[in-house]
There are 2 protein chains.
Amino acid sequence: MASPVGTPAGLPTRMSADARRAQLIEVGWELLQSRPIHEMPLDEVAAAAGISRTLLFHYFPTKADFYLAVVATMGERLLRPPRIPAGAAPVERIRALVDGFVRLVERNRLSYTALVRGAGGGDQRVVDLIASTRDALVPRWLDAAGRENASALTRLALRGWLVGMEETVIAWDPQSVPRDELVNHLTASFLTELELAEGRH
Amino acid sequence: MASPVGTPAGLPTRMSADARRAQLIEVGWELLQSRPIHEMPLDEVAAAAGISRTLLFHYFPTKADFYLAVVATMGERLLRPPRIPAGAAPVERIRALVDGFVRLVERNRLSYTALVRGAGGGDQRVVDLIASTRDALVPRWLDAAGRENASALTRLALRGWLVGMEETVIAWDPQSVPRDELVNHLTASFLTELELAEGRH
DNA sequence: AGCGTGTGTTGACAGATGCTCAACGACACG
DNA sequence: CGTGTCGTTGAGCATCTGTCAACACACGCT
């Protein structure tokens, strides 16, 4: 067995509770990127961390809890809101958000898909987590566009638009569509969709 | 145990191979609507069908194979293309497609979400199946809009749009957004998105 | 220093589930 | 009536999740 992840050289096994938790989440995250959750035995997580399986259950009562913790932690880390130019026009601010997301996927394609893949994993709490994460995104984008008090239709439509954008960027092949073209289109698409939804509320 | 599903009264156990396969898929489909795949033990499927677990493995070599068969069969049944008015204008034809999908979700919300939920189930073949099903949808919508030879960006954008629409309709709450408003918006949104994508290819 | 308490840690065990194997039995056909 | 094909099954194996009781190391108290 290779030396445990997150420990200097396999020697020290005893850790503080917080450090252990963090390490386990880190290890789980590594493994999750190469295989879906139900193909990831806790045995392997424990082995990769250099501890016994039992200890894992000491920190996370069930496998689902562990999975939820991993997804929640990494979701926060990945979706940390990008900086948007404060004084710029709405177009530029939206473009910044789009560009930020495209860059996110470019850099972490594997991680990101692994994260979203979890939505179907089956655990209701994970589904809810992803749903609420998406919900939280809508006001942020609305804010960047300089809108407030959006109608129900607007919020619904933008939520759908965001999911569509996710899919678009993930399915995007840089060889057939240049990056600029993608970002331009998505930016214009968002603003158009917003106007359309607001125009008839 | 209740009388097996798909048999007259629990009496006859022996069936033709095709009938048995169909019955098992039907049973699996019923159970899939109330819980995700990995919470559906094959024991229960077998019990619900009134057969032994072993027989299930006789027809489907692995659980994943069984699941794939269920998703494929039901996907075809659900996504049977709706009739679109032949001579009508593109707007009306797109509206017909949108309306058809909304109705589909209205009638089979549970089934539909159960089906898509499988995307994350982890089996690569199921993921591919759903992806290719979505891909196949793009030309159909393009066709209804009277477009051909779409650019790569157009196809990519519309694929994303379709996924966004899926999400929108599933998340739609009829109490806060009237049905007409939803259909109108989605119809206009599609056409706008199409124009936008084509305008700069 | 000695000792006890808290807590990180573990091996052994139990229950569930995917999957295999060898055999049984009913129906068709010569 | 014999024979073989094929639907069917019970028993068994391997893997994985989750439990339990006990061990060991650190720290506070006298």
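Letters go in sequence order (proteins before strands), and every chain restarts at 1. These values consider heavy atoms only, across backbone and side chains, with no hydrogens, waters or symmetry-generated copies.
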Expected rows: protein N/O vs nucleotides 17-24 of chain D N/O, under 3.5 Å:
residue, atom, partner, partner atom, Å
D:dT17, OP1, A:L42, N, 3.4
D:dT17, OP1, A:K63, NZ, 2.8
D:dT17, OP2, A:L42, N, 3.2
D:dG18, OP2, A:K63, N, 2.6
D:dG18, O6, A:R53, NH2, 2.8

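Applying the side chain to side chain contact (heavy atoms under 4.5 Å, CB included) test between A:F190 and each of A:L186, A:T192, A:L194, A:T187 identifies A:L194 as the sole match.
Atom CZ of B:R107 sits in a sparse spot, with 12 or fewer heavy atoms from other residues, nucleotides or ligands closer than 6.0 Å.
Summarising the geometry, the separation between CG on A:L55 and C1' on C:dT9 is reported as 6 Å, rounded to the nearest angstrom. In this structure, CZ of A:F66 is placed 15 Å from C1' of D:dC16, rounded to the nearest angstrom. Distance CG (B:D123) to P (C:dG18): 14 Å, rounded to an integer number of Å.
The CH2 atom of B:W141 lies 9.5 Å from the CD1 atom of B:I84; values are rounded to the nearest 0.5 Å. For the atom pair CG of B:L56 and NE2 of B:H58, the computed distance is 11.0 Å after rounding to the nearest 0.5 Å.
For A:H58, a side-chain nitrogen or oxygen approaches OP1 or OP2 of C:dG8 to under 4.0 Å.
As judged by a 4.0 angstrom heavy-atom cut-off over every strand, A:Y59 is placed among residues touching the sugar-phosphate backbone only.
Between B:W161 and A:W161, the ring centre distance reaches or exceeds 6.0 Å.
Legend: side chain to side chain donor-acceptor pair (under 3.5 Å) pairs involving residues 70-86 of chain A, not counting sequence neighbours: none detected.
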